[in-house]
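Inspection log for the structure reproduced underneath, given as structure tokens.
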Number of protein chains: 2
Amino acid sequence: MASLGELERAVMDLLWETQEAVTANTLRDLLAQRPSQGEEAKELAVTTVLTVLSRLEKKGLVERERGIRPHRYQAVTSRAEHTAELMHEVLGTATDREAVLARFIGSVSDGEAATLRKLLGRD
Amino acid sequence: MASLGELERAVMDLLWETQEAVTANTLRDLLAQRPSQGEEAKELAVTTVLTVLSRLEKKGLVERERGIRPHRYQAVTSRAEHTAELMHEVLGTATDREAVLARFIGSVSDGEAATLRKLLGRD
DNA sequence: AACTAACTTCTACGGAGTGTAGAACAATTT
DNA sequence: AAATTGTTCTACACTCCGTAGAAGTTAGTT
């Protein structure tokens, strides 16, 4: 259960940008200013945003504060963390993990290769 | 257009294992011996397998030889290559690629870290 | 307390993707 | 030509996602 729809993705992106916990109304407004891709951004109904947030909560990506009345939502993990998890999920528990990694780093930019070297430390 | 269904995945796994081009009937038989997960493996109709193969062909993951009569199907890329592509897709074109890589590397096994060091070459 | 405004949950529907396979059509074998 | 084998078409049910109105709940106002 990993993939997100387009709107779900847009919401997560906003939650990842604004590190704070925000309300559904705020998100609706933020979404309205965001022409997702070529498409004119139209005002969504708040219930739409709420539905999406509920689904994201069920998926474990979003956490909500139920105490205060306009509930506030925030991402459970950072985007980087989430993406890294996804990458591991894709890598999987296969027997050929190393082969995959070989192909993977084969097409990584030079700069990123350098970063990786730094992160891995010299032996 | 990256994700696969459960049956599609099972078919791809078989095509990746048997490096050869195989027929739909062969695949049906192979699938029958494969209890996907806890579930008792039942015999699927050949048309089911054919439908899945067509869809995989449309997705560019499978190639078929139309010359001979029982068409033969094979994977276009190796599993390792495909998985590596998926990983890049997940990594995406975000601004925080390096942050993602950092998290990713952080949870890679020691042996794999060593492999990566080797692949990246010492500086 | 009753009323109202804001907010949340429930229910729903249409479209896309997937698993599944029969019906109809095409080619090969006997 | 008839029978067999193989492929394509069509179809349906189920899940996920975008979308939102209807109904229910909470809080603020009179």
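Sequence lines set the chain letters: A, B, ... in the order given, protein chains first and strands last, and positions in each chain run from 1.
Defining each end axis of the helix from C/dA1-D/dT30 to C/dT30-D/dA1 as the rotation carrying four pairs' C1' atoms onto the next four, with five pairs an end, the two axes are found to diverge by 10° to 10 degrees.
Closest contact between the side chain of B/R55 and the listed nucleotides D/dG18, D/dT8, D/dA11 involves D/dA11. Set against D/dT7, C/dA21, D/dA20, the side chain of A/A45 has D/dA20 as its closest nucleotide. Residue B/L7 places its side chain closer to C/dG19 than to any other of D/dG6, C/dT9, C/dG19. Listed candidates were D/dG18, C/dT20, D/dT8. Nearest to the side chain of B/T47 is D/dT8.
Formation of a donor-acceptor pair under 3.5 Å by the A/R97 side chain with backbone atoms of A/G92 is found in this model.
Among the atoms of the strands shown, none is found under 4.0 Å from any heavy atom of A/R9. Counting non-hydrogen atoms under 4.0 angstrom, B/K59 reaches the backbone sugars and phosphates but no base. Counting any heavy atom pair closer than 4.0 Å across all strands shown, A/L50 reaches a base atom. Across all strands, B/T51 comes closer than 4.0 Å to base atoms (heavy-atom distances).
Screening A/T18, A/L15, A/L44 against A/L27 for a side chain to side chain contact (heavy atoms under 4.5 Å, CB included) leaves a single residue, A/L15.
Between B/R64 and D/dT8 there is a side-chain polar atom (N or O) within less than 4.0 angstrom of OP1 or OP2. Side-chain N/O atoms of B/T48 include one lying less than 4.0 angstrom from OP1 or OP2 on C/dA21. At the phosphate of C/dC7, neither OP1 nor OP2 sits under 4.0 Å from any side-chain N or O atom of A/H71. Side-chain nitrogen and oxygen atoms of B/N25 include none within less than 4.0 Å of the OP1 or OP2 phosphate oxygen of D/dT5.
One cannot find a donor-acceptor pair under 3.5 Å joining the base of D/dG28 and the side-chain atoms of A/R69.
In this structure, CZ of A/R66 is placed 13 Å from C1' of C/dC7, rounded to the nearest angstrom. Between the CD1 atom of B/I68 and the P atom of D/dT5 there is a distance of 18 Å, rounded to whole Å. Atom CE of B/M12 is separated from atom C1' of C/dT18 by 16 Å (rounded to the nearest Å). Taking atom CZ of residue B/R28 and atom P of nucleotide C/dT20, one finds them 14 Å apart after rounding to whole Å. Distance NZ (B/K58) to C1' (C/dA16): 12 Å, rounded to an integer number of Å. Look at CD on B/E8: it is 5 Å from P on C/dG19, rounded to the nearest Å. Between A/L56 atom CG and D/dC17 atom P the separation is 9 Å, expressed in whole Å. One atom, CG of B/L61, and another, C1' of C/dG17, lie 15 Å apart when rounded to the nearest Å.
The NZ atom of B/K42 lies 11.0 Å from the CG atom of B/L31; values are rounded to the nearest 0.5 Å. For the atom pair B/T23 OG1 and B/R28 CZ, the distance stands at 8.5 Å (nearest 0.5 Å).
Each of A/V52 and A/G67 lies near DNA chain D, and the nucleotide nearest A/V52 is the one positioned closer to the 5' end.
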Report all side-chain donor-acceptor pairs from residues 74-85 of chain A shorter than 3.5 Å, counting only partners two or more places apart or in another chain.
residue	atom	partner	partner atom	Å
A/S78	OG	A/E81	N	3.0
A/R79	NH1	A/D13	OD1	3.0
A/T83	OG1	A/R79	O	2.8

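Among residues at least two apart or in separate chains, ring-ring contact (aromatic ring centres under 6.0 Å, His included) pairs with a member in residues 87-108 of chain B are A/H88-B/F104, A/F104-B/H88.
Remark: A/R34 engages A/E17 in a salt bridge, criterion side-chain N to carboxylate O under 4.0 Å.
Contact annotation: the side chain of B/L56 approaches that of B/L4 to within less than 4.5 Å [non-hydrogen atoms, C-beta and beyond].
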